[in-house]
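The structure under discussion appears below in the form of structure tokens.
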Protein chains: 2
Amino acid sequence: MKNVLVIGAGRSSSSLIRYLLNQSVTDKFQVIVADMSLEMAKQKIAGHLNGEPIAFDVFNKDEREELIQKSDVIISMLPARFHHHVAEDCVRFKKHMVTASYVSKEIAALDEKAKEAGVLLLNEIGLDPGIDHMSAMHIIDRIHAKGGKLTAFKSFTGGLIAPESDNNPWNYKFTWNPRNVVLAGQGVAQFIRNNLYKYIPYHKLFDRTEPVNVLEYGEFEGYPNRDSLSYREVYGLEKIPTLFRGTLRRPGYSKAWNVFVQLGVTDDSYEIEDSEEMTYREFFNSFLRYDLTRTVEEKLAEYMGISEDSEIMNKLKWLGVFDDKKIGLKKATPAQILQQLLEEKWSLGPTDKDMIVMQHQFVYELDGNKHELHSSMGIIGHDQTYTAMAETVGLPVGIATKLILSGAITATGVKRPVEKNIYEPVLKELEENGIQFTEEQIS
Amino acid sequence: MKNVLVIGAGRSSSSLIRYLLNQSVTDKFQVIVADMSLEMAKQKIAGHLNGEPIAFDVFNKDEREELIQKSDVIISMLPARFHHHVAEDCVRFKKHMVTASYVSKEIAALDEKAKEAGVLLLNEIGLDPGIDHMSAMHIIDRIHAKGGKLTAFKSFTGGLIAPESDNNPWNYKFTWNPRNVVLAGQGVAQFIRNNLYKYIPYHKLFDRTEPVNVLEYGEFEGYPNRDSLSYREVYGLEKIPTLFRGTLRRPGYSKAWNVFVQLGVTDDSYEIEDSEEMTYREFFNSFLRYDLTRTVEEKLAEYMGISEDSEIMNKLKWLGVFDDKKIGLKKATPAQILQQLLEEKWSLGPTDKDMIVMQHQFVYELDGNKHELHSSMGIIGHDQTYTAMAETVGLPVGIATKLILSGAITATGVKRPVEKNIYEPVLKELEENGIQFTEEQIS
């Protein structure tokens, strides 16, 4: 019997491990789940006969080598910076590897060696990156095959709260790493529009959104991602005049979030003096002008050029921005203080479900006519274990692993799932598992 | 005869070396000038009998040790990151050292050893840091000695173009390192006002200036420096309710510079695609919304909320922001492109002179009354060698060195010139050399 090794049994591995265990019965393989915490590994396996939990330390070289040698495909769900330790062993022992993370420089450098060893190092096969690549390339290749010419590609993804659990004025809760949400967008957003490069600095990002409608999931707004330009090469669209990638939020979120950006409270680079003894109200006041004649509310409204009874101010009041409540965090950065405030209000309730939405917009010329096509997906989580995020990250990883094991995917070297022989069978099985895209021919 | 060793014979050493050579005749010492370039060292000495030029590499340990051993006081005018190599040798060979740079962690760590060796490592004795410390502490100590209590201390410094050479709409030219001017203020400005901490993010910095009047030198505006808070400890003002440090520009500069900050063109963290082939007009357009129906001028005026014939737009037009001129810089960051544009317009003409202005504002209570005192200085450069910057950096370094050599300064350990036994004799001789402060009792 063949062995699949899953390294890392955290939150994002639940759907992956369940899928693999289910498949293991018909496809006859073992699933070894290795984690620092044996308990976690056991929990995920839940007594399945084909599952084997193992306590594992990725930095223990002997242990790592032994485990990799007895496996056929290795899935690394570790934080991205640890993948290359596993990848190097995989090449050495001629084992395939699958990850949901971006191809790092260290991994990219293994391409030649992996090819020589006849080994596939498949990366970026989760949600974003992952499902975005596959669903986009599926249509890009089809348009090209028909003789069409792409002139614009825009792509939006959002990890949000499901409509049935959406009950706060921000229409947002933390369904994933809160810290990443607080720091999102820092740096500069780069994209190209009608052959003109466009750069948006962080402090203007949340002021430059565009409306996006996704199927029955409703209205969203997209703010630009940092790096759209590199996708030209990844998708073989080097000459495309317009390429834009964005992140989806519910309408009104970005204008309110922009208050935090404008104040500077998303900054994670320095510590606030006396943060422990300060109240949230004092914290926000420390980013506003000194003026004893006006309230913090008045000053903030003026700072942003909004009225005191505006929707934005209501969102801030609801969060507790103006409350005389002690922060109680020692030597905290502004971003850490903001995150704590948000976590009190944006945490998931016990029955809350998350949602993933994605939309690709293609503009292309075919037979002298201009066309626009949208391809969209929405997924609601089952519960707080099998979330939409865990499903959309874990299933493509699991499916690809199964297809490698069965010999249906035969590529070698360092890959992303942008090739037809990889994305086609994976998309097909994703669809069978309820993850499917709906196309709308706009024109 | 005793030896003074000056390491580094660059632009900022000219006034220093001239002062030392002049003093060497009456005080009977030798001045060894060591630089990578023997030519530079020779030039600065200009044939003076007490001067000895030496070609020198600070990383050549044997050479460095030999030179330090035969010297009595060592002045390091190297970039700040190299000082500690020299400082360690100084402690080992029991030699005093003088620099105009901030006390680094490495230097601070030598305090105990320096005291044991009976050696003085005197830092921050240039202009800013340097003259600012000494002139401020002179008044702070005086107010305290009278039984007064400081409630506010504000301090402003600017390196600018002299009024007689001020002939452009920005009232600014590069009189010092252009790169530092382009990147100035990045990070967050921190200060305290009436016991309330205040934080200003970079993108709001140039919108938060205050007017400052300096003697006969006229009107200026001050924008907040990054770190005012650390001066509380340095000046022994731990409990002061208000402490603010700022940088001076001529009125109107900051509002126009703010355009660059708002666009994001002072960013030095990424490269602009095709920067070599782009024009300045295209470069600035890449930070503005895509809109073929409007000109770059129209879009920029709208972006900033200003009219197209405003003073700000005139400053930008004068610089060439909207010109169809090729940039010609390969793989340049926005900040590098902006710097090149500015250098074409803000360079000093052959007869241009620079100017240094400084003002301290003290508010204090004495005998139940509230008082305000301003202490101000202005210096115009002689020419492009003996600039106001070179004079105000070099003379305090030179004077302190002479006083150490003569035994008038006897402190040991790692020091800043905030102690009376150091600042008093140095300020006195600065005054004899034309660098003096004028006090105005406002109330």
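Predicted model only: the values in this text are computed from it and were never measured. Chain identifiers are assigned alphabetically (A, B, ...) following the order of the sequence lines, protein sequences preceding nucleic acid strands; residue numbering begins at 1 within each chain.
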Quick check for you: to the nearest 0.5 Å, what is the distance between [X] atom [atom1] and [Y] atom [atom2]?
| X | Y | atom1 | atom2 | result |
| --- | --- | --- | --- | --- |
| B:Y202 | A:D267 | OH | CG | 14.0 Å |
| A:Y290 | B:L196 | OH | CG | 6.0 Å |
| B:L288 | A:I200 | CG | CD1 | 10.5 Å |

field: B:K198 side chain to A:F287 backbone, donor-acceptor under 3.5 Å
entry: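 Between the backbone of A:F287 and the side chain of B:K198 there is no qualifying donor-acceptor contact (under 3.5 Å).
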
- prompt: So which of A:R289, A:Q190, A:M278 has the largest heavy-atom pair count under 4.5 angstrom toward chain B?
  reply: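 Maximum pair count with chain B is reached by A:R289.
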
query: Which one of A:P201, A:G264, A:G187 has the most heavy-atom pairs closer than 4.5 Å to chain B?
result: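 Ranked by heavy-atom pairs under 4.5 Å with chain B, first place is A:P201.
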
query: Where on A:D227 is there a heavy atom nearer than 4.5 Å to chain B: the side chain, the backbone, both, or neither?
result: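 The answer is neither part of A:D227.
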
task: Using non-hydrogen atoms and a 4.5 Å limit, figure out which bit of A:Y270 sits close to chain B: side chain, backbone, both or neither.
output: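 The side chain, not the backbone.
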
query: Step by step, would you call A:K204 with B:H203 a side-chain contact (heavy atoms from CB on, under 4.5 Å)?
result: CA-CA 10 Å; A:K204 290 288 181 183; B:H203 69 270; over 6 Å; no

query: For atom CD of A:E238, is the number of surrounding heavy atoms from other residues, nucleotides or ligands below 6.0 Å larger than 12?
result: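 Yes.
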
- prompt: Heavy-atom count around B:K317 NZ within 6.0 Å, excluding the residue itself: above 12?
  reply: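 More than 12 within 6.0 Å, yes.
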
query: Most heavy-atom pairs under 4.5 angstrom with chain A, which of B:L263, B:I272, B:V261, B:I192?
result: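 Between B:L263, B:I272, B:V261, B:I192, the count favours B:I272.
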
